[in-house]
Amino acid sequence: MTDEAFNAVPSLFASSRDGVPKVVVLLTDGASTYYERTIKAAENVKANGIKIIAVGIGNKVHILTSQAIFFSVKLCFLRTSRFTQKN
């Protein structure tokens, strides 16, 4: 689940070098199973100085949910039902 992945992120960057940007890329349909837990976990990631780039995949990306989760984070949406449609 997205919230569990976000909860693991800060520990992955715990031993990262100082002065190096911390960035995590999330591939999502934007429809979190546990909406509130995901928002809280994403806020914790951002509070740790880690930038989140969300890439919405699918022909029905849930934009409003994605925007709520990743407020003030760069959003990039790819609207396609399969990767083979894009070259």
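We're numbering straight along the sequence, starting at 1.
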Under the side chain to side chain contact (heavy atoms under 4.5 Å, CB included) test, which residues partner Lys40, sequence neighbours left out?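 With neighbours one apart ignored, the set is empty.
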Sequence neighbours excluded, which residues qualify as side chain to side chain contact (heavy atoms under 4.5 Å, CB included) partners of Phe13?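 With neighbours one apart ignored, the set is Val9, Ser16, Lys22, Ile50.
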Taking all atoms of both residues into account, what is the closest heavy-atom pair of Ile52 and Ala42, and its distance?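 Here Ile52 and Ala42 meet closest at CD1-O, 3.8 Å.
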Run through Thr33, Thr38, Ile39 and flag the one making a side chain to side chain contact (heavy atoms under 4.5 Å, CB included) with Tyr35.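 That would be Ile39; it is the only one of Thr33, Thr38, Ile39 passing the side chain to side chain contact (heavy atoms under 4.5 Å, CB included) with Tyr35.
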Hydrophobic clusters join Ile, Leu, Val, Met, Phe, Trp and Tyr when side-chain heavy atoms are under 4.5 Å apart, directly or via other members; which others share one with Val20?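 None; Val20 is a cluster of one.
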